[in-house]
Amino acid sequence: MSGLLKKLPSKLSNKLPATVSDSTKSPVEKPKSTLKPVNNQFTKLLSVTKYLPSGARSTILSKAFGKVVPYVGTTGVYYETVDPNQVVVSLNNSKAVQNHIGSIHAVAITLLAETATGFILGLNLPSDRVLLIKSYSVNFYRPIKKGQVAAVATLSDEQRLDILNTPKGEMVIPCVIHDRESDSERDPIVVEMLWAWVPKSELEARRQGQNNKSTSENQPNHKSESEQAIDSAANTTIDSAKIESDDKVASDDKIESK
């Protein structure tokens, strides 16, 4: 927890990572929950910041989480809602994330969906487990408007209990993508992210096993240069003695034949 809290900014910046559009309310209704949050580093951070004004809280969480996952932090992802049942993140249409036609790049939108689904899973995992992305599916059946995009990931209480009670498993977490400045009533894009989680001890054991195997395969010759030179000389002497012995036997055979 202390490591994560150290990532909090010492003071708030006057400039937010992203300017939230007028439709800051979650496009999908937030589910009601009767479950208590899992005790991990993320939920502890949420409890520390829960009494802050929503704008200040979102700014702090965006900066802190952006440092936890540096690549995400470089894109300007803004965390609007961070809750065990729903995570809403948004991204402004800045020059740095645009494609060739001026809308947000498909990869940036996919990153937004990965961030929302990854964090909602992380909020519901006990601290002795680690999450891993396995695969994802997205269909851009229509172009995105040139405006802000939001990603909404939602979990039911039943799904949260399934995650909590399964030490090792996987789950498809859908994420709804909204282009908020669209002027028409169009169906949102849905990204399906397949996430897995395993005990940290198992992951460490796998890595340790791979490291041991790699070390044994690349085991260096620990003999010194002088020892190697002695071995080489000894082998040469043995070979020479064998040749002389063979020549002597051949010569004796020749004398006897005469």
Side-chain angles (χ1 to χ4, degrees), residues 1 4 26-47 58 61-62 64-66 68-73 75 77-91 106-141 149-178 187-207 210:
M1 176 60 187
L4 186 58
S26 302
V28 178
E29 184 180 354
K30 182 178 175 181
K32 295 181 180 180
S33 175
T34 58
L35 296 180
K36 292 183 178 180
V38 172
N39 187 22
N40 62 30
Q41 59 178 348
F42 297 112
T43 54
K44 287 179 180 178
L45 180 58
L46 294 183
S47 66
S58 292
L61 294 178
S62 298
F65 292 152
V68 173
V69 187
Y71 179 62
V72 174
T75 60
V77 173
Y78 188 67
Y79 295 76
E80 298 181 14
T81 301
V82 182
D83 182 86
N85 284 88
Q86 188 175 89
V87 171
V88 181
V89 292
S90 60
L91 185 63
V107 172
I109 294 173
T110 305
L111 172 66
L112 202 63
E114 190 265 355
T115 301
T117 55
F119 267 95
I120 199 169
L121 177 58
L123 287 169
N124 289 283
L125 275 183
S127 56
D128 63 343
R129 301 172 203 170
V130 62
L131 67 163
L132 304 162
I133 185 71
K134 292 189 69 174
S135 65
Y136 63 85
S137 174
V138 55
N139 181 9
F140 292 99
Y141 63 90
V149 171
V152 183
T154 305
L155 289 177
S156 65
D157 278 357
E158 182 180 1
Q159 289 173 307
R160 290 177 58 195
L161 282 173
D162 188 27
I163 294 168
L164 178 63
N165 296 326
T166 308
K168 179 180 177 180
E170 61 182 45
M171 178 180 292
V172 174
I173 303 179
C175 183
V176 181
I177 304 295
H178 293 264
D187 292 335
I189 293 171
V190 177
V191 182
E192 292 187 339
M193 293 277 177
L194 176 59
W195 285 92
W197 60 92
V198 297
K200 288 182 179 179
S201 57
E202 179 178 326
L203 183 62
E204 289 301 321
R206 288 183 189 177
R207 290 175 174 173
Q210 291 174 352

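All residue numbers refer to positions in the sequence shown, counting from 1.
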For the residue pair [X] and [Y], what are the closest heavy atoms and their distance?
{"X": "A108", "Y": "L91", "result": "CB-CD2, 4.0 Å"}
{"X": "I189", "Y": "N139", "result": "CG2-O, 3.8 Å"}
{"X": "L131", "Y": "G118", "result": "CD1-O, 3.3 Å"}
{"X": "P199", "Y": "K168", "result": "CD-CB, 4.1 Å"}
{"X": "Y79", "Y": "L61", "result": "CD1-O, 4.3 Å"}
{"X": "S33", "Y": "R160", "result": "OG-NH1, 3.0 Å"}

Any heavy-atom pair between the side chains of [Y] and [X] that's under 4.5 Å?
{"X": "V82", "Y": "F65", "answer": "yes"}
{"X": "P126", "Y": "L164", "answer": "yes"}
{"X": "V38", "Y": "L123", "answer": "no"}
{"X": "M193", "Y": "L121", "answer": "no"}
{"X": "I120", "Y": "N124", "answer": "yes"}
{"X": "T117", "Y": "V191", "answer": "no"}
{"X": "L125", "Y": "F42", "answer": "no"}
{"X": "L111", "Y": "Y71", "answer": "yes"}

Run the side-chain contact (heavy atoms from CB on, under 4.5 Å) test on L155 and M171 for me, step by step, so that the C-alpha distance in whole Å, both residues' side-chain angles and the decisive distance to 0.1 Å come before the verdict. CA-CA 11 Å; L155 289 177; M171 178 180 292; 4.2 Å; yes
Run the numbers on F140 and I177 for side-chain contact (heavy atoms from CB on, under 4.5 Å), then give the verdict. CA-CA 10 Å; F140 292 99; I177 304 295; over 6 Å; no
How far does [atom1] of [X] sit from [atom2] of [Y], to the nearest 0.5 angstrom?
{"X": "I133", "Y": "L194", "atom1": "CD1", "atom2": "CG", "answer": "7.0 Å"}
{"X": "I163", "Y": "R129", "atom1": "CD1", "atom2": "CZ", "answer": "9.5 Å"}
{"X": "L112", "Y": "S90", "atom1": "CG", "atom2": "OG", "answer": "7.0 Å"}
{"X": "D162", "Y": "N165", "atom1": "CG", "atom2": "CG", "answer": "7.5 Å"}
{"X": "L161", "Y": "Q159", "atom1": "CG", "atom2": "CD", "answer": "10.5 Å"}

Step-by-step side chain to side chain donor-acceptor pair (under 3.5 Å) determination, Q86 to T81: CA-CA 7 Å; Q86 188 175 89; T81 301; 5.2 Å; no
Checking W195 side chain against G122 main chain: does a donor-acceptor pair fall under 3.5 Å? no
